[in-house]
Amino acid sequence: MSDLGEHRRPLHCFIPPHISDSISRKGDDQSKKWIADLESEAESYRSARCEVIVADDVPGHDVYSADCGSELPGRLMWSEGDPPAADPLVRKAAESTAQTLALFSRYGRDSLDGKGGKVISTVHYKLDCCNAFWNGRQMVFGDGDGRIFKAFSRSRSVAGHEMTHGVIQHSCQLHYRGESGALNESLSDVFGALVVQRGMSEDAADATWVVGEDLFQPAVSGSGIRSLKAPGTAYDDPVLGVDPQPFHMDDFVVTRSDYGGVHINSGIPNHAFYLMAMMIGGRAWEKAGALWYSTMVSLDDPKASFADFAAASWVTVRGMFGQGSMEELYVKRAWKLVGIDL
Ligand SMILES: [Zn+2]
């Protein structure tokens, strides 16, 4: 174990506060209770000055069960190399984690820390828990409440999203606030979407580009939590509210909540990636994903703005595909279409 020093530790939750707030206003008593429970837990993470500890220097992947409690990591259920687990949610967590690690391996990365360190997931976290999160050292998946949300460990994009927070923690360390925080969220969505597309062998043009699309119970009106293709359209539901994501800088949301709208303004770089991937065509995890990954790990400013990331992606694309390449043109055009000129 090694210590990255003390600082206030954000809890990287998959379900953003604007959805939780809407459910706590419009949901039934049971829903309000799990929202309040999760909020008090997130607050205790935020207010505590915690050591952020990187994963063990031992390779592999372990899945634990919290047995509906909150002790982490919990009881060991499966380790890499074991036969598939009997518990379907343990099996799902193991599969989606392996698919995420395989995507990053394609880009030359060895595990989340880049050094082959162990990856830890916990399922069956608390009772009716409707969220998944990266807490600085591991992924945690709630089982859902069976009325609004299904189990979070079922979703490949959730695992991909949460694990990308781990990669960011061990690479460019984007601050989880304002534009750099929204970039942190966006990169997590991008690689979450790419894990799904690679798993389904889908071309960019055939993909839904929705993250968390397999989370809602049938009663919910929505396709998922966020859409990279059409930010602001993922859901419109009497209990969850309306997806508030913008896709252009003209509609950038200035807010003090959600660390300055990290889950809201992420729609802008999300859409830039989608546009670029569509212009390049074919499989988005190949050229477009490799380009975004290289940009992410070479970023040298934890407080990078959208424009900083766009400029870095331009340097990366020229290095990867050459000056005057079509890919360079696509990168420039994609950022311009969301209101960022290079
Ligand atoms: Zn996140």
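For ligands, and for the atoms within them, numbers begin at 1 and follow the listed sequence. What you see is a predicted model; the values in this text were computed from it and never measured.
The side chain to side chain donor-acceptor pair (under 3.5 Å) test applied to Gln245 returns Ser266, not counting sequence neighbours.
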- Task: Quick one: do Asp28 and Arg147 satisfy salt bridge (charged side-chain N to carboxylate O under 4.0 Å, His left out)? Show the steps, please.
- Result: CA-CA 11 Å; Asp28 58 24; Arg147 293 172 305 134; 2.3 Å; yes

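Taking 2.8 Å as the threshold, Cys13 does not count as a candidate ligand of the Zn ion (ligand 1), since none of its N, O or S atoms lies below it. For a distance bound of 2.8 Å, the N, O or S atoms of His165 include one lying that close to the Zn ion (ligand 1). Within the 2.8 Å limit, Asp189 places no N, O or S atom next to the Zn ion (ligand 1).
Taking the six-membered ring for Trp and the full ring otherwise, Phe309 and Trp292 have centroids separated by under 6.0 Å.
Looking only at N/O/S atoms, His161 comes nearest to the Zn ion (ligand 1) through NE2. The minimum distance between the Zn ion (ligand 1) and any N, O or S atom of Glu185 involves atom OE2.
In this structure, a donor-acceptor pair under 3.5 Å is present between the side chains of Arg109 and Tyr293.
Ring-plane geometry between His161 and His165 is classed as perpendicular, the angle between the planes exceeding 60 degrees on a 0 to 90 degree scale with a lower cut at 30.
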